[in-house]
Amino acid sequence: MNYNYNVIEKKWQDIWDAKNVFAATNDYTKPKFYALVEFPYPSGQGLHVGHPRSYTALDIVSRKRRLEGYNVLYPMGWDAFGLPTENFAIKNHIHPSIVTEQNVARFKAQLKSLGMSFDWNREINTTDPNYYKWTQWIFLQLFKKGLAYKKEMNVNWCTSCKCVLANEEVVGGVCERCGSEVVHKVKSQWMLKITEYAQRLIDDLDKVDYIDRVKTSQINWIGRSTGAEVDFTTTSGDTLTVYTTRPDTLFGATYMVISPEHPYIEKWADKITNMAAIKDYQTEASKKSDFERTELVKDKTGVQIEGVRGINPVNGKEIPIFISDYVLMTYGTGAIMAVPAHDTRDWEFAKKFGLPIIEVVKGGNVEEEAFTDCDTGIMVNSDFLNDLSVEDAKEKIKEWLEKEGKGHSKVNYKLRDWVFSRQRYWGEPIPIVYCEKCGYVALPESELPLTLPDVESYEPTESGESPLANMTDWVNTTCPRCGGPAKRETDTMPQWAGSSWYFLRYCDADNLDALAAKEALDYWMPVDWYNGGMEHTTLHLLYSRFWHKFLYDIGVVSTPEPYSKRTSHGMILGENGEKMSKSRGNVVNPDDIVNEYGADTMRLYEMFIGDFEKAAPWSSSSIKGCKRFLDRVWALQDKLIGGDAFRPELEIAMNKTIKKVTEDIESLKFNTAIAAMMALLNDIADTGSVNKAEYKALLIMLNPFAPHMTEEIWELQNFGGMLNETKWVTYDPDKCVEATVEIAVQLAGKIKARIQVPADAGKDEILAQAKADPAIAALIAGKTIIKEIVVPGKLVNLVVK
RNA sequence: GCGGAAGUGGCGGAAUGGCAGACGCGCCGGUCUGAGGAGCCGGUACUUCGGUGUGUGGGUUCAAGUCCCAUCUUCCGCACCA
């Protein structure tokens with residue numbers, strides 16, 4: 001009797017669907033478990049083998065939790081707004097919503113063919129007006145609280161997408177999505193004040209169980225630094241404020257640098273005597289793309305401002321001021337004090353421009369390189385700071401600055417506000433109108449959703465305006481406040497908008513009156529376990545924490561954090577160990593694997609491939625081992641005998657394996673859980689038969705991994721009901737250890753013999769038996785034992801002289 | 001440069017400081033076959049059979065893949081953040 005996976009897998013998928021067996025119930029009295037995986041962007045390429053790695057993992061956890069009696073919510077949906085769909089639509093003259101619909105249908109069929117136990121009743125789609133109504137609603141709340149604002153600013157502009165990008169979307173100076181050059185443009189953009197939440201986004205990481213690398217990345221990305229703002233007076237009479245993390249080195253400041261975009265350049269226009277040179281430099285700097293700027297990182301450039309000099313507040317010395325693009329207008333105050341002796345960049349700049357280098361922290365050779373160590377140095381050449389440690393000097397100078405009114409302590413973050421508008425069609429319209437009289441006015445909530453109008457062309461315009469700008473009928477409207485003529489905002493929201501709150505919608509997916517009912521949110525939230533890719537750590541994961549905290553502040557949700565636990569899977573690489581990509585020709589299509597081996601084998605293999613958290617290369621031969629294992633489990637049906645309890649010779653193996661599998665699933669060690677079941681199968685096979693109790697236990701353990709085949713065997717053997725409705729197996733902790741164990745006997749750490757002792761043998765008994773072993777006895781004869789170590793169940797180590 | 005992860009058989013990978021290489025792939029041999037690129041059974045780090053082996057060099061320990069110090073290499077993330 002062969003196992004025909006094509007037929008059997010389809011059969012069970014249909015039964016699960018028809019009986020709705022994986023639906024989460026609204027019985028709020030039951031213990032709940034909310035498992036979440038990142039909902040995919042339904043691209044034209046279909047599912048990637050990377051998707052099922054994450055989905056299968058939490059599918060296993062979810063299936064296990066259902067057997068353990070939890071009310072499990074394991075939902076799925078579509079993050080369907082986005083550029084590839086829009087570009088495809090432009091090229092093929094099809095409406096993006098039709099493209100989306102087709103892609104979603106394909107993805108859904110693929111996910112079903114893998115036997116994922118998603119609750120499809122709660123399927124969501126970010127492009128559904130009933131969904132994005134609430135995305136717009138959240139935006140309006142942000143706007144009302146002053147956390148969404150419009151600002152004329154220098155933005156990242158992708159030359160190919162013809163669209164602005166958030167800082168998080170610029171990778172290595174190029175567009176994260178298409179890899180094209182990113183240049184700077186000044187545009188008026190909607191911004192979200194994520195910076196207002198910077199400190200809480202750091203602090204509340206203490207409240208959640210995220211894997212460490214996620215926490216560290218977020219902390220580094222937010223980039224908190226502590227220091228001081230110091231006011232330098234200038235010969236122009238203006239005060240130039242700088243930010244520094246090393247106020248202790250103030251006596252070593254020998255010049256100042258301001259960013260090329262610094263407003264003082266205009267202010268000082270009549271005092272600067274070399275304005276032409278300054279203007280030239282500003283033009284050069286503004287022309288550089290991010291890519292060029294990072295390429296030229298090592299070569300410092302700049303121009304000294306002639307006509308205005310700074311005055312060091314600690315010693316009254318006049319020092320020159322430069323402009324240089326190594327100082328960024330977007331961080332701190334856009335101006336720095338330069339201490340070449342103790343900052344690498346300042347040192348390079350000073351060497352190039354022949355500026356004085358004054359040592360104020362002893363410990364290095366500042367003529368050779370900047371001495372930046374804060375732990376060992378001692379202050380010198382610094383008047384009242386002399387002989388202090390760097391730490392003490394920082395405190396003392398801050399006190400002095402406060403007292404003199406020349407500065408104060410200051411915390412800065414690298415995190416910037418989130419650029420929230422995109423000049424594209426296929427996104428959520430921003431529900432704001434602009435009125436000459438009233439300015440930016442929120443649309444009344446009763447007018448939501450503000451739906452996307454049909455346009456003739458989705459092409460972005462060269463001028464950088466959204467395709468919506470051409471829809472004059474739609475754009476021209478009346479002001480909700482004064483009733484006068486007004487224009488709608490034509491930019492749309494970025495793709496990250498819809499995914500910033502989607503986990504809330506699953507709690508109550510069809511609600512028309514709220515983003516979700518409060519009771520539903522209170523019951524299901526927070527998400528108990530969220531698994532997803534590391535690439536979203538500083539994008540989606542940070543953005544959604546920010547939105548959730550805002551919703552918490554306005555009373556929509558009751559938990560300050562959206563996710564209790566965050567784990568992350570490694571990438572599945574191509575067979576050659578490189579990242580899978582079309583251009584490398586190493587892409588594995590999940591459909592092909594399902595056709596050739598079946599979904600159960602595919603699932604099992606992806607979990608067996610290696611450490612779940614690490615990248616692992618695909619291997620088309622290794623997958624056969626998983627198929628073989630399932631075939632052998634199937635074939636056990638021919639060797640089935642009666643018996644309602646484990647046979648004595650398998651009792652230990654059974655209990656041990658149940659314990660191992662139960663524990664390993666919870667700690668993401670799917671590979672060793674499977675290895676344990678394989679070992680158990682080998683043990684069972686050695687006995688030449690399997691009894692009913694043993695078979696049932698094996699099937700239950702294996703069910704989350706290979707749900708179709710186990711369900712089929714369960715039915716064929718009349719084990720009663722559906723397997724997915726039984727209970728998870730339990731083990732007896734007393735029966736996880738063999739009656740006798742092998743003990744290694746070492747002499748000075750080298751193994752010389754092995755002995756068999758009863759598992760409950762005491763130290764003395766083990767020691768006596770070890771010494772009595774003929775090989776050991778011979779080796780220790782006539783020698784003095786100076787140390788005896790006995791580790792029960794493990795080994796004996798004797799040190800002799 | 002800064003931050004993170006990781007270096008273990010031919011390969012993917014296992015090992016609360018306590019028997020390195022579980023489990024699987026591959027390979028070798030056997031068996032069954034008319035046949036097998038199927039199934040089943042056995043073997044599989046190196047070795048001069050004393051031992052030696054977890055990138056390299058030190059250290060702590062009765063005992064180190066695991067802890068500490070140094071060093072090399074690889075991958076990933078950030079990158080002029082003052």
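This is a predicted model, so every value here is computed, not measured. Sequence lines set the chain letters: A, B, ... in the order given, protein chains first and strands last, and positions in each chain run from 1.
If you take atom P in B/rC76 and the same atom in B/rA45, they sit 34 Å apart, rounded to whole Å. Between B/rU60 and B/rG7, the distance separating the two C1' atoms is 23 Å to the nearest Å. B/rG55 and B/rG65 are spaced 10 Å apart, taking the P atom of each and rounding to whole Å. One C1' atom belongs to B/rG58, the other to B/rG50, and the distance between them is 27 Å to the nearest Å. Taking the C1' atoms as reference points, B/rG77 lies 49 Å from B/rG29, given to the whole Å. The same atom, C1', is picked in B/rU61 and in B/rC69; the two are 16 Å apart, to the nearest Å. For B/rG24 and B/rC75, the P atoms lie 32 Å apart once the distance is rounded to whole Å. B/rU16 and B/rC32 are spaced 46 Å apart, taking the C1' atom of each and rounding to whole Å.
In this structure, A/K794 and A/A335 both approach RNA chain B, and ranking their closest nucleotides by distance from the 5' end singles out A/K794. Nucleotides of RNA chain B nearest to A/N220 and A/L798 differ in position, and the one nearer the 5' end is that of A/N220.
Residue-level contact check: A/T344 touches neither bases nor backbone, having no heavy atom under 4.0 Å from any strand. Here A/D611 lies in heavy-atom contact (under 4.0 Å) with sugar-phosphate atoms only. Looking at heavy-atom distances under 4.0 Å, A/N671 makes contact with sugar-phosphate atoms alone, never a base. In this structure, A/E613 reaches neither bases nor backbone, as no heavy-atom distance under 4.0 Å exists between it and the strands shown. Heavy atoms of A/I751 sit under 4.0 angstrom from primed sugar atoms or phosphate atoms, though from no base atom. Across all strands shown, A/I789 has heavy atoms under 4.0 Å from base atoms, whether or not it also approaches the sugar-phosphate. In this structure, A/V799 reaches the sugar-phosphate backbone alone: every heavy-atom distance under 4.0 Å involves primed, P, OP1 or OP2 atoms, never a base. Counting non-hydrogen atoms under 4.0 angstrom, A/T245 reaches the backbone sugars and phosphates but no base.
If you check B/rG18, B/rA14, B/rA82 against the side chain of A/T672, the one that comes closest is B/rA14. The nucleotide whose nearest atom lies closest to any side-chain atom of A/D325 is, among B/rG13, B/rG18, B/rC80, B/rC80. Residue A/T216 has its side chain nearest to B/rG4 when only B/rA82, B/rG4, B/rA14 are considered. Distances were taken from every side-chain heavy atom of A/K787 (C-beta onward) to each of B/rC62, B/rA14, B/rA82; the shortest belongs to B/rC62. Closest to the side chain of A/Y326, from the set B/rC80, B/rA82, B/rG13, is B/rC80.
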Original post:
Passes side chain to side chain donor-acceptor pair (under 3.5 Å), A/Y210 versus A/T537? Steps please.
Top reply: CA-CA 11 Å; A/Y210 290 7; A/T537 303; over 6 Å; no

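The CG-P distance, from A/L668 to B/rG13, rounds to 16 Å in whole Å. Between the CG atom of A/D638 and the P atom of B/rC40 there is a distance of 13 Å, given to the nearest Å. Separating the NZ atom of A/K639 from the C1' atom of B/rG39 is a distance of 10 Å, rounded to the nearest angstrom. In this entry the distance linking CD of A/Q746 with C1' of B/rU61 reads 13 Å, nearest Å. Rounding to whole angstrom units, CE of residue A/M677 and C1' of B/rA22 are separated by 15 Å. In this structure, CD of A/E663 is placed 16 Å from C1' of B/rA14, rounded to the nearest angstrom. Rounded to a whole Å, the CD atom of A/E535 is 11 Å from the P atom of B/rC78. One atom, CG of A/D212, and another, P of B/rA6, lie 11 Å apart when rounded to the nearest Å.
Using a 3.5 Å distance cut-off with no hydrogens or angles, the side chains of A/N220 and A/S217 do not pair a donor with an acceptor. Of the N and O atoms on the side chains of A/T239 and A/D231, not one donor lies less than 3.5 Å from an acceptor on the other residue.
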Taking N or O atoms only and anything under 3.5 Å, show me the protein contacts with nucleotides 43-51 of chain B, one pair per line.
from: B/rG51; atom 1: OP1; to: A/K752; atom 2: NZ; distance (Å): 3.4

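One finds a salt bridge joining A/E613 and A/R213 here, because a Lys/Arg side-chain nitrogen approaches an Asp/Glu carboxylate oxygen to under 4.0 Å.
With a glycosidic angle further than 90° from 0, B/rG7 counts as anti. Glycosidic conformation of B/rG43 is anti; the angle lies outside 90° of 0.
Formation of a donor-acceptor pair under 3.5 Å by the A/Y605 side chain with backbone atoms of A/W618 is not found in this model. Checked by atom type and distance alone, the side chain of A/T784 never pairs as donor or acceptor with a backbone atom of A/I786 at under 3.5 Å. A donor-acceptor distance shorter than 3.5 angstrom exists from the side chain of A/K215 to the backbone of A/L205, with no hydrogens or angles considered.
The aromatic ring centroids of A/F670 and A/F608 lie 6.0 Å or more from each other. For A/F353 and A/Y255, the gap between ring centers reaches or exceeds 6.0 Å.
Around NZ of A/K579, the count of heavy atoms belonging to other residues, nucleotides or ligands within 6.0 Å does not exceed 12.
For the atom pair CH2 (A/W221) and NZ (A/K414), the distance works out to 9.5 Å, reported to the nearest 0.5 Å. In this structure, A/C374 SG and A/R246 CZ are separated by 3.5 Å, a value rounded to the nearest 0.5 Å.
When all heavy atoms of A/L573 and A/M580 are compared, the closest pair comes out as O-CE, 3.6 Å. A/A350 and A/I357 make their closest contact through CB-CG1, 4.3 Å (heavy atoms, listed as atom of the first residue, atom of the second, distance). Closest approach of A/V49 and A/E606 over heavy atoms only: O-OE2, 2.9 Å.
At a cut-off of 3.5 angstrom, counting only N and O atoms as typed in the model, there is a donor on one side and an acceptor on the other between the side-chain of A/K300 and the base of B/rC80.
Dashed line: the shortest gap from a side-chain N or O of A/N797 to OP1 or OP2 of B/rG18 is not under 4.0 Å. For B/rA15, one of the phosphate oxygens OP1 or OP2 lies less than 4.0 angstrom from a side-chain nitrogen or oxygen of A/K669.
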**OP:** Could you summarise the pairing of RNA chain B as dot-bracket text, marking Watson-Crick and G-U pairs under 3.5 Å with ( ) or [ ] inside the strand and | across strands?
**Re:** (((((((..(((.....[....)))((((((.......))))))((....))..(((((..]....))))))))))))....

**OP:** At under 4.0 Å between heavy atoms, which parts of nucleotides 23-30 of chain B does protein reach? Answer with one letter per nucleotide, 5' to 3': B base, S sugar-phosphate only, - none.
**Re:** BSSS----

